[in-house]
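A short write-up of the structure that comes next.
When a ligand or atom number is given, it counts from 1 through the structure's own listing order. In this chain, numbering begins with 1 at the start of the sequence shown.
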Amino acid sequence: MHTRFPPEPNGYLHIGHAKSICLNFGIARSNNGLCNLRFDDTNPSKEDLEYVESIQEDIRWLGFDWEDRIYYASDYFEQLYEFGQQLIKSGKAYVCDLNAQEIREYRGTLTEPGKDSPYRNRTREENLELFAKMRAGEFPDGTRVLRAKIDMSSPNLNMRDPVLYRILRASHHRTGDKWCIYPMYDFAHPLSDAIEGITHSICTLEFEDHRPLYDWVVENVGFKSPPKQMEFARLNLSRTVMSKRKLRELVEKGHVGGWDDPRMPTVSGLRRRGYTPESIRDFCERIGVARSNSVVDISLLEHCVREDLNKKAPRVMAVLKPLRVIIDNYPKGLEEELVAENNPENPEMGERKLLFSRELFIEQDDFMLEPPKKFFRLAPGREVRLKNAYIIKCESVVTDEKTGEVLEVHCTYDPQTKSGCDNSGRKVKGTLHWVSAQNAIQAEVRLYDYLFLEEGAAEEPGGQNELESRLNPQSLTVLGNCMVEPSLKEAEKGKKYQFMRQGYFVVDPDSKGDVLVFNRIVSLRDTWAKVKDKDKEKKN
Ligand code: ATP
Ligand code: MG
């Protein structure tokens with residue numbers, strides 16, 4: 001079994017491509033076969049070396065290896081030209097002088113057959129000479145094409161004498177200005193597969209109608225054991241656009257910071273967002289391979305990264321919106337070492353030291369002056385436990401005279417309630433995360449929401465403005481004054497953590513010197529698990 005992943009280098013890879021990569025490399029791997037990487041680079045005006053490089057980086061990062069089998073359709077240009085000559089010689093191709101508009105008119109419609117081109121019956125000699133002149137640059141762009149001679153009344157429009165070669169003066173990122181004619185995808189793609197000895201040409205469903213042409217091309221050029229094209233449904237994700245054209249538009253119009261913006265569904269965006277290759281592969285496995293189109297709920301992807309990070313990511317404390325707490329009965333200047341588990345799901349990850357002191361930060365949302373009944377966090381007169389530390393009680397509050405904003409909260413602590421050696425028997429309902437004010441590190445945290453407002457809306461047809469009017473104005477929230485525990489001081493870029501009660505976070509490459517920047521990968525709330533539980537309830 002020999003497969004290939006055949007990207008066109010005209011954009012960055014996205015999660016849909018990841019599905020195709022997992023499928024092609026996965027099938028080869030589980031059948032002791034091989035999978036090639038081949039760039040289908042037949043459209044020079046849209047392609048670029050930047051994309052060639054990013055695609056390789058992304059596939060490797062996903063965990064797949066093409067070894068030395070990296071190919072380019074452009075490496076076959078000479079061979080493809082010879083195949084064109086061969087089809088002419090066997091009377092199966094001709095040079096046609098109709099322009100694009102006329103070709104369309106002659107093609108007919110789904111209900112009406114097409115008409116033969118007036119140039120269809122040129123002699124072999126004339127065709128060979130004209131094809132050579134096309135290559136030699138003797139005709140202007142768009143004035144002539146090489147067409148297959150198949151059947152202008154075929155019920156399949158793709159079989160009505162499709163164009164195989166066009167004249168196009170455009171510099172190619174690999175062949176430069178060597179060529180001024182370029183093969184069409186429907187000609188280059190099957191032949192590239194056949195040249196490489198591909199056995200199974202896996203592609204998305206929209207190519208089903210192209211399969212007869214795929215087979216026609218490889219058979220008429222004379223391949224003895226031609227590759228077999230097999231189609232599967234492309235991946236669509238809720239609240240996500242997946243068309244390269246639309247993704248490029250988001251980048252070019254500045255709606256996102258680049259192809260690797262953490263809100264993008266690109267592999268590089270997901271990587272920067274903090275997704276792991278394991279979680280993406282797991283996702284691709286779970287969605288499986290189907291032959292009918294559907295939309296996968298994005299919460300499944302989020303579920304996969306939570307599952308992967310649950311055991312891997314150390315749990316730390318970080319306060320995103322700090323509120324100062326002063327423990328009035330705690331000795332001034334004292335710093336006490338406390339012990340904290342790094343991950344209760346994975347004892348092998350060990351423990352670390354936390355520093356406790358008189359002044360701390362807690363989350364603004366964890367305090368309310370006038371709390372409703374079910375609020376089990378801190379409020380005047382109430383008690384909570386500080387994670388890994390003590391039970392504290394709120395005694396008084398300092399507020400801003402003008403705005404009423406809470407500026408600091410004064411508490412007392414109970415020395416008998418130290419975590420790990422508390423035999424006071426006291427119970428409180430709420431446990432809060434905190435950091436010591438004295439040695440907390442300031443950090444920037446970026447919280448993300450979906451790029452688009454409505455469910456599935458982004459993929460619907462519509463004009464340019466359609467895409468823009470559905471952008472979520474709140475897709476990025478930057479919190480510039482977060483406080484994280486000192487163990488994060490040396491956190492490397494790309495390292496992932498669980499911030500207790502807040503979600504999973506990754507150190508962004510924008511971190512510089514001692515300014516840490518974190519991206520939130522996902523919150524802890526697993527809507528996918530909820531959906532599944534509901535389904536189970538229904539079944540019961
Ligand atoms: P284009 O319109 O530029 O051709 P494309 O998304 O088809 O865009 P390719 O570079 O041609 O991009 O895709 C490479 C491979 O990835 C193809 O085999 C294609 O079928 C597959 N692929 C692309 N999008 C998806 C998707 N959403 N789900 C699954 N496979 C996909
Ligand atoms: Mg394509």
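Near Lys244, with a cut-off below 4.0 Å to any heavy atom, the atoms of ligand 1 are 1 (P), 3 (O), 5 (P), 6 (O), 8 (O), 9 (P), 10 (O), 12 (O). Close approach to Phe232 involves these atoms of ligand 1, each under 4.0 Å from a residue heavy atom: 29 (C), 30 (N). Contact atoms of ligand 1 toward Ser20: 16 (O), 21 (C), 30 (N) (distance under 4.0 Å to a heavy atom of the residue). Remark: ligand 1 atoms within the under-4.0 Å shell around heavy atoms of Thr204 are 20 (O), 29 (C), 30 (N), 31 (C).
Counting heavy atoms closer than 4.0 Å to ligand 1, residue Phe5 contributes side-chain atoms (C-beta onward) but none from N, CA, C or O. Contact annotation: for Asn10 versus ligand 1, heavy atoms closer than 4.0 Å belong to the side chain alone. For Pro6, heavy-atom contacts with ligand 1 shorter than 4.0 Å involve the backbone as well as the side chain. Only the side chain of His14 comes within 4.0 Å of ligand 1, counting heavy atoms alone; its backbone N, CA, C and O stay farther away.
At a cut-off of 3.5 Å, with distance as the only test, no side-chain donor of Arg160 or Ser154 sits close to an acceptor on the other residue.
In this structure, Arg144 satisfies the cation-pi test against Phe139, with its NZ or CZ atom closer than 6.0 Å to the six-membered ring centre and inside 45 degrees of the ring normal. Cation-pi contact between Lys133 and Phe131: absent, since separation from the ring centre below 6.0 Å together with deviation from the ring axis within 45° is not met. A cation-pi arrangement is present between Arg135 and Tyr81 under the rule of less than 6.0 angstrom and at most 45 degrees off the ring axis.
Residue Leu235 has at least one nitrogen or oxygen atom sitting less than 3.5 Å from a nitrogen or oxygen atom of ligand 1, judged on distance alone. Ligand 1 has an N or O atom lying under 3.5 Å from an N or O atom of Arg234, backbone or side chain. Residue-to-ligand polar distances place Gly16 within reach of ligand 1: an N/O pair is separated by less than 3.5 Å.
Residue His17 holds the heavy atom nearest to atom 23 (C) of ligand 1 of all those in Glu8, His189, His17.
In this structure, Phe187 has its ring center under 6.0 Å from that of Tyr165. Side-chain rings of His173 and Tyr51 stay apart, their centers remaining 6.0 Å or farther from each other. Less than 6.0 angstrom separates the ring centroid of Phe518 from the ring centroid of Phe499.
Residues Tyr71 and Pro6 are not in side-chain contact: their nearest non-hydrogen atoms beyond the backbone lie 4.5 Å or more apart.
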